[in-house]
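The figures here come from the full heavy-atom set of this structure, side chains too, leaving out hydrogens, waters and symmetry mates.
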Protein chains: 2
Amino acid sequence: MKTSAPTKSVSSQTQGRNNDQVREHNLAAILTLLSQNKSLTRSALATLSGMNRSTISVLMTELQALGLVSEISPDETLQKGRPSFVASLSSEVAVFGVNIESKFTDVCLVTLSGEIIASQRISTPKLPAPQQIIESIAQTIEVLLATQSKPLRIGGIGVAVPGQIRLADGLVRLAPHLRWVEAPFGSMLEEATGMPVFVGNNATLGATAEHAFGAAKGYSDIVYLYSGTSGIGGGVIVGGELLRGAAGYAGELGHVVISDSPSEDYSGFHGTLESLIRQEDMFACLGLAADDERGLETALAQPLGIEAQAILESQSRLLAAAISSFANIFNPQLILLGGYLGAIYAADQTRLAQFAFERILSAPGENLHIRRAELGPNQIIKGAAGLAISALIRAPKSSSAIL
Amino acid sequence: MKTSAPTKSVSSQTQGRNNDQVREHNLAAILTLLSQNKSLTRSALATLSGMNRSTISVLMTELQALGLVSEISPDETLQKGRPSFVASLSSEVAVFGVNIESKFTDVCLVTLSGEIIASQRISTPKLPAPQQIIESIAQTIEVLLATQSKPLRIGGIGVAVPGQIRLADGLVRLAPHLRWVEAPFGSMLEEATGMPVFVGNNATLGATAEHAFGAAKGYSDIVYLYSGTSGIGGGVIVGGELLRGAAGYAGELGHVVISDSPSEDYSGFHGTLESLIRQEDMFACLGLAADDERGLETALAQPLGIEAQAILESQSRLLAAAISSFANIFNPQLILLGGYLGAIYAADQTRLAQFAFERILSAPGENLHIRRAELGPNQIIKGAAGLAISALIRAPKSSSAIL
DNA sequence: TTGAATTTGTTCTAGTCAAGAACAAAATAG
DNA sequence: CTATTTTGTTCTTGACTAGAACAAATTCAA
């Protein structure tokens with residue numbers, strides 16, 4: 001255990017606020033509403049935000065001047081009275097989303113609404129070194145930008161890395177599957193591209209993606225659990241915000257102890273969720289390649305053999321134990337299951353829910369829903385892009401898009 | 001599982017903000033600084049809050065008019081230059097803290113700084129019914145107010161209940177040790193006393209108490225674990241705010257699954273932390289009464305018998321498993337152990353830390369500290385009072401103290 | 001003891017912000 | 001074509017914070 005004095009953090013609770021921050025907050029409120037709703041009339045924005053018509057007018061003028069919002073006259077009017085302008089996030093601003101895995105790296109160009117408008121995959125047959133993959137990413141970004149028909153302004157780059165990331169500066173502390181240790185990835189990519197870079201853990205970004213664009217849209221408290229080839233991770237949304245913890249390492253939900261079993265996870269810890277639910281067991285039992293997700297879906301949709309049934313039931317019980325714990329800890333509205341855990345849910349929904357609710361207290365259990373994540377393969381990259389998008393949305397005046 | 005649509009919550013992220021809220025926020029910032037620091041000069045307030053001297057001047061005038069702050073001229077001046085006024089929270093405003101247990105209920109008068117200035121215990125040989133204990137509390141409040149030498153203005157009543165509490169309205173959903181079910185305690189006490197009432201879970205309030213007044217003062221991310229005669233509970237502070245969850249039931253940290261064991265906790269769940277660390281085992285082994293905390297301290301300070309050693313080691317291992325999980329989930333700066341768990345820590349600190357850090361990832365573990373809670377027996381009641389205090393501090397204009 | 005330097009409180013002004021009123025614009029309904 | 005309804009725009013008002021200028025209260029040095 002450490003002996004030095006713990007680091008205290010001063011909250012913004014004690015910081016003074018002035019008119020500038022009011023304006024910034026109100027601009028962000030409009031942008032947040034637009035990102036949640038695709039397009040809204042001015043009068044709807046006024047109603048939803050609680051602000052006056054005249055204030056909305058001023059704010060919209062400013063957002064249009066910043067190039068973040070575009071307005072059109074409505075095609076059809078269903079009400080009587082003067083028709084209200086329809087506003088939506090500008091399609092001329094975009095961000096890059098990057099997802100780094102051991103065998104490939106995806107780079108996508110994503111609009112502020114979360115739509116992928118261009119995409120390219122960098123294959124890495126050997127494990128990529130940070131400097132090497134950064135050069136490839138920078139090149140790919142150039143290519144993607146050059147092949148766009150209309151000029152785009154870029155808000156930044158969001159990157160998903162399978163490891164422990166210090167959010168403050170995008171330092172990759174440890175990424176076991178990439179064999180990266182203490183790689184200052186964020187600052188390196190920032191230097192290589194000149195764009196603001198935001199780095200996060202891949203499973204955590206799955207959670208923010210589902211929250212921003214997927215099954216958890218509009219919810220304030222969710223727990224997201226994900227299993228992929230690199231183990232089990234997750235992310236938690238608390239009061240609408242990602243649970244970050246002291247330095248951004250929170251959300252390692254695969255490394256919770258749920259059993260006395262001596263079996264070890266990829267970090268060498270025994271009895272954890274990740275040590276016990278090993279998706280490769282099921283893939284092997286069904287005779288599938290380790291990353292054949294489609295094959296898994298079709299195989300699980302059909303009647304299972306005895307061995308596969310046993311694995312499924314065992315894993316349902318284990319997953320249920322973790323779900324129970326997280327329900328009691330977080331009192332979420334929604335627990336989302338992604339990757340292989342979503343497949344377990346789809347195949348064994350009733351039993352999984354039954355096992356889970358056996359050990360959830362009545363009060364936190366009463367409005368709790370368990371669902372499968374819905375974003376699929378682009379989930380993580382959308383979450384990564386979301387990092388850059390939300391940075392832009394939260395500080396529209398200070399961080400105006402470059403290019 | 002439920003079939004109705006999950007409840008979504010709209011965050012204040014999308015709500016417009018105006019000048020009124022700026023003032024309210026800045027007043028709250030000053031009060032928060034004063035509650036963290038007991039007394040501060042005006043110039044220190046300006047530095048810490050980042051606001052201008054002139055703004056501080058206006059704010060202090062308003063806070064004095066509200067009767068929430070008092071200022072004195074400093075006794076000694078160490079600097080050259082005009083001496084700055086020394087401000088502190090007014091001692092003429094107080095709140096009531098109430099802690100309800102099965103055998104007794106404590107009612108305390110607590111200043112805004114968290115000092116207990118008067119206290120009275122209501123004994124309840126039989127389990128108290130809600131209506132009955134409310135009458136006793138109302139009477140005790142009258143008595144405590146009448147016996148004060150100087151007149152006090154009262155900001156509200158904070159109540160700690162050992163059960164699942166809906167924070168929004170203080171509804172006690174279930175309090176097994178009191179045998180209360182769906183008791184609208186908050187609104188009942190509000191009606192009986194005419195004061196604003198805030199109700200919370202007792203273990204959760206232990207966390208907020210340590211955060212506001214105790215070992216976790218100034219930290220932003222902490223996990224608090226507590227064991228008492230009614231089982232194991234806890235509370236989590238995330239980014240300086242209590243983790244509430246969708247309806248306020250978050251923080252049931254005793255009901256996390258850590259083992260395959262069939263032993264059951266007080267809610268009938270098997271394999272949970274509460275089911276496995278039973279403090280009565282140790283009390284019985286040492287020949288102590290179930291609530292003899294002092295006896296436990298002295299007994300644990302001396303060499304233990306073989307059986308007690310075995311219990312201690314077993315419980316250390318189990319507690320360590322939970323600590324590991326919470327460190328990986330929350331990445332806190334501090335994990336605090338209260339009640340019997342604090343005693344385990346004191347008796348077996350080295351081994352406990354060793355067991356715990358075996359299964360904590362390197363990054364979340366590196367600035368993590370494990371400590372014993374320091375507030376002792378008045379912890380919960382201070383947390384309860386803290387509910388009313390923070391309500392007053394956060395909305396100083398709207399909720400001005402009554403009486 | 002006196003005056004310079006320093007720090008802080010107070011007052012006044014300037015600039016920004018949101019709300020609301022008044023008015024203009026653009027649709028529907030008859 | 002006119003009345004009604006709804007929305008956008010403009011102008012005024014009130015509230016807020018920041019900053020400048022000045023006054024007040026201390027220390028330090030001569």
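- Nearest-nucleotide positions on DNA chain C place B:S43 closer to the 5' end than the other of B:V58 and B:S43.
- A heavy atom closer than 4.0 Å to some atom of DNA chain D occurs in B:N19, B:V22, B:R23, B:N26, these being the qualifying members of residues 16-31 of chain B.
- For B:A212, the side-chain contact (heavy atoms from CB on, under 4.5 Å) criterion is met by no residue, not counting sequence neighbours.
- Partners of B:R394 under the side chain to side chain donor-acceptor pair (under 3.5 Å) rule, at least two apart in sequence or in another chain, are B:E241.
- Toward the 5' end of DNA chain C, the nearer of the two residues B:S57 and A:M51, judged by each one's closest nucleotide, is B:S57.
- Between A:E62 atom CD and C:dC17 atom C1' the separation is 11 Å, expressed in whole Å.
- Residues that satisfy the side chain to side chain donor-acceptor pair (under 3.5 Å) test with B:E190, not counting sequence neighbours, are absent from this structure.
- Between the CZ atom of A:R42 and the P atom of C:dA25 there is a distance of 16 Å, rounded to whole Å.
- Look at B:S84 and you'll find a side-chain N or O under 4.0 angstrom from OP1 or OP2 of C:dG9.
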Please list, pair by pair, any protein nitrogen or oxygen found under 3.5 Å from a nitrogen or oxygen in nucleotides 19-23 of chain D.
| from | atom 1 | to | atom 2 | distance (Å) |
| --- | --- | --- | --- | --- |
| D:dG19 | N7 | B:S54 | OG | 3.3 |
| D:dG19 | O6 | B:S54 | OG | 3.2 |

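- In this structure, A:F198 has no ring-ring contact (aromatic ring centres under 6.0 Å, His included) partners at least two apart in sequence or on a different chain.
- The salt bridge (charged side-chain N to carboxylate O under 4.0 Å, His left out) analysis of residues 39-52 of chain B, with sequence neighbours excluded, yields the pairs B:R42-B:E71.
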Which donor-acceptor pairs under 3.5 Å do the side chains of residues 47-54 of chain B make with protein atoms, sequence neighbours left out?
| from | atom 1 | to | atom 2 | distance (Å) |
| --- | --- | --- | --- | --- |
| B:T47 | OG1 | B:S43 | O | 2.9 |
| B:S49 | OG | B:L45 | O | 2.8 |
| B:S49 | OG | B:M51 | N | 3.2 |
| B:N52 | OD1 | B:S54 | N | 2.9 |
| B:N52 | OD1 | B:S54 | OG | 2.9 |

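- Taking the charged nitrogens against the carboxylate oxygens, A:E115 and A:K38 do have a contact shorter than 4.0 Å, which makes a salt bridge.
- Rounded to whole angstrom, the span from the CD1 atom of A:I56 across to the C1' atom of D:dT10 amounts to 17 Å.
- With sequence neighbours left out, the side chain to side chain donor-acceptor pair (under 3.5 Å) criterion links B:S91 to B:K150.
- In this structure, NZ of A:K80 is placed 11 Å from C1' of C:dA27, rounded to the nearest angstrom.
- The nearest whole Å value for the distance from the NZ atom in B:K397 to the P atom in D:dA15 is 9 Å.
- B:I157 CD1 to B:L189 CG: the interatomic distance, rounded to the nearest 0.5 Å, is 4.5 Å.
- Distance A:Q79 CD to C:dA25 P: 21 Å, rounded to the nearest Å.
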